[in-house]
There are 4 protein chains.
Amino acid sequence: MKKQVSRRDKILQTALRMISEGGFHNSPMSELASRSGVAVGTIYHHFESKDALIRALYAACAEQVSAAVLQGVDEKLSNSKRFETMWLNLHSWYSRHALEFSFIRQFESSPFVSGKGHDPGFFSQPVLDVFREGVKVGKLRKLKAGALSALFAGMVSSTVTMELREGKKLSGKELAELASMGYAAIRR
Amino acid sequence: MKKQVSRRDKILQTALRMISEGGFHNSPMSELASRSGVAVGTIYHHFESKDALIRALYAACAEQVSAAVLQGVDEKLSNSKRFETMWLNLHSWYSRHALEFSFIRQFESSPFVSGKGHDPGFFSQPVLDVFREGVKVGKLRKLKAGALSALFAGMVSSTVTMELREGKKLSGKELAELASMGYAAIRR
Amino acid sequence: MKKQVSRRDKILQTALRMISEGGFHNSPMSELASRSGVAVGTIYHHFESKDALIRALYAACAEQVSAAVLQGVDEKLSNSKRFETMWLNLHSWYSRHALEFSFIRQFESSPFVSGKGHDPGFFSQPVLDVFREGVKVGKLRKLKAGALSALFAGMVSSTVTMELREGKKLSGKELAELASMGYAAIRR
Amino acid sequence: MKKQVSRRDKILQTALRMISEGGFHNSPMSELASRSGVAVGTIYHHFESKDALIRALYAACAEQVSAAVLQGVDEKLSNSKRFETMWLNLHSWYSRHALEFSFIRQFESSPFVSGKGHDPGFFSQPVLDVFREGVKVGKLRKLKAGALSALFAGMVSSTVTMELREGKKLSGKELAELASMGYAAIRR
DNA sequence: GATGAATGAGAATTCATTCAT
DNA sequence: TATGAATGAATTCTCATTCAT
């Protein structure tokens, strides 16, 4: 029982590293297997296909992101503070999780999303609820929670990409400004 | 002479459609050839490899984008007006060029960019110069033009993605606000 | 004890259905296991290998066929009556056992027979004895019982195949004619 | 041009030998390629899939069979003579083409036929027309040409199988008797 | 330049079988 | 006996690239 979880997790973890470094198509199942220390068949025991494995990995990342985003976000905060906190949380998580960040970017701009089936969804319901609530109380633009959050997350993503590109971290003051801007972009 | 250009363009155009719809790896050279009405070998007369073809396509897109972005941008404009105009230009071009937009997104988040060789660069020198000038005169954050423009473009990209996702276009007023926010994000 | 028999039979029964519908190679052990409601390992407790399982299934079918063929066949019957009865018995059994018929046909024309090991044999000794006796008393062609019976059974098989193809059953009179013809084909 | 035909034919010829000896599933494409002296990809250049290759092979065999069956069959012959000739022609061809015979038997009793799509058809229209004409003039049983010919061919097949099993050829006299019986089985 | 048949390394996936529990 | 996770060799098929015409 413990062993299974451990194997499955090991595979996901290896896949994350390989894909974030080389992309989906430089990550053959055979290599994923050997690097994970399991047989090819074992991967197929845990995931129906390579596609399914990638989706599962995305889901796992998305879950972690959502949890991280909500850290310290509660009803006592003002709307601006609430979203600025989320902005900074997301920025922080992306910055500390370069592999996940790279993987998520690749996944979201690949035909995996728009192509087959629907969008697997990025933020969890609790996160989306914060956006919904904002719209409901008239603080945010009247758009679907999915759209608002995508815009919001896109700005964070652009910022992190820029930092990585520049190879230089923005200061806390600069980040606070951008977070404020992020809120401004979605508020009414 | 005319024939060659026409063939090369036809190939690029077909590749754009195929890749934007199916991704790099659902776009085999053989199918690209047949859909373009040429032989496989012909593609290799015009492009050294599939990689080279994709880079050429990106370069062609980037060139068009840069030209579009600079429409109506001149020294007479204030800094805010200048960048807001560029923001709206870019938004407008992306909106009118869904295939190119999809292709560019895929290209930029794939290992093509960070992986092999250098970043092919997105904006042309003239566009980058506008950012450089902004930094020089103390109006923009002290970051490299490439970084600033990436952040700027990322916001537009997020906005368009959001609109596509939502399936609803933002109003001119909303866009103006976001453009203003875009400038705010990079200004000092 | 009862449980074991029941399990073994359930496996054979499921295998019969799967193979007759999809062929040997569309009948993986794992699916056979799940459809039979047992674990893969359990199949290997009852059968040494997939090959052995298939041979066992063939043997089981052959046994049933032989028993069915001899219904109402005794020494009092004339030779013609004897073989015509056998012909009709076989026809009747095949018609009522479509899955077995399909499986037997596949088995017999596959490399299972001529390939590995010996022919598992189709008719039981008692059935073959009837043919041997016919040869002995000079009523049948001087051929081995196996050959004669194969010719005989082949004609029934062809007839059933034809009926299945046509989707229309032959009348009792037509069958009687063909049965008579079957005897004529092997008699001296 | 000449080369292509030759390659395609070589592949079919090798496939015939391999499949007749080892069955569909002991005939991997890689081995088929090497034994044919071509690359794997070349097979796929000529045939869409292994399935398609097998179907093409069957079609090629069926075409040859049909041509052989009609040798010496013309309107001047009586009905009995006509069908007896066809019986003997088919018997002769099967006897001289052991590989094709084995392949055809395997193909026809595999899920290739009843499974996917329709029956690819065995006899050519000209052959079927002979049966149709027989029905039309009231000499043959009122069954579809496909069914009648299947019964007819099935008897020949059974006979050849028996001879192969026995390892002894039937005499010309015996064959003539069986041919006569074959006609008797389908006549009205 | 144009063609497209040929190549073959490489990729995803399958599945009979094993074995520790 | 029963289980089913794990194995990994084997299989089908793909596709970027080459080259003789």
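Everything numeric in this text was worked out from a predicted model, so none of it was measured. Chain letters run A, B, ... following the sequence lines, proteins first and then strands; every chain starts at 1.
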Between atom [atom1] in [X] and atom [atom2] in [N], what is the gap in whole Å?
X       : N      : atom1 : atom2 : answer
A:Phe24 : F:dT14 : CZ    : P     : 22 Å
D:Glu31 : F:dT12 : CD    : P     : 10 Å
D:Phe47 : F:dT14 : CZ    : P     : 16 Å
A:Arg7  : F:dA6  : CZ    : C1'   : 6 Å
B:His46 : F:dA16 : NE2   : P     : 18 Å
B:Asp51 : F:dT17 : CG    : C1'   : 13 Å

Review point. Looking at the side chain of B:Val38, which of E:dT3, E:dT18, E:dA11 is the nearest nucleotide?
Key: E:dT3
Exercise for review: Identify which nucleotide among E:dA5, E:dT7, F:dT12 has an atom closest to any side-chain atom of D:Met29, counting heavy atoms from C-beta outward.
Suggested key: F:dT12
Exercise for review: Go ahead and name the base partner of F:dT7; Watson-Crick or wobble counts if both distances stay under 3.5 Å, otherwise write none.
Suggested key: E:dA16
Exercise for review: Tell me the partner of F:dT12, counting only Watson-Crick (N1-N3 plus N6-O4 or O6-N4) or G-U wobble (N1-O2 and O6-N3) with both under 3.5 Å; none if nothing fits.
Suggested key: E:dA11
Point to revise | Gap between atom CD1 of C:Ile54 and atom CD1 of C:Ile19 - 0.5 Å precision | key: 4.5 Å
Check your understanding: Just by distance, with hydrogens left out, do A:Ser20 and A:Ser102 show a side-chain donor and acceptor under 3.5 Å apart?
Key -> no
Exercise for review: Taking atom types as modelled, find out whether C:Glu108 and C:Tyr58 have a side-chain donor-acceptor pair closer than 3.5 angstrom.
Suggested key: yes
Study note, to complete from the structure: By nearest-heavy-atom nucleotide on DNA chain E, the more 5' of C:Glu48 and B:His45 is B:His45
**Study point:** Which residue lies more 5' along DNA chain E, comparing D:Thr42 with B:Ile43 via nearest heavy atoms
**Key:** B:Ile43
**Study point:** F:dC15 OP1/OP2 closer than 4.0 Å to side-chain N/O of B:Ser30
**Key:** no
Exercise for review: Please determine if a side-chain N or O atom of B:His25 lies less than 4.0 Å away from the OP1 or OP2 oxygen of F:dA16.
Suggested key: no
Review point. At their closest point, which heavy atom of C:Phe47 faces which heavy atom of C:Ala56, and how far apart are they?
Key: CE2-CB, 3.9 Å
Practice item. Take C:Ala39 and B:Tyr44, find for each the nucleotide of DNA chain F with the closest heavy atom, and name the residue whose nucleotide sits nearer the 5' end. Key: C:Ala39
Review point. Under 3.5 Å, side chain of B:Lys50 to main-chain N/O of B:Phe24, donor-acceptor pair present?
Key: yes
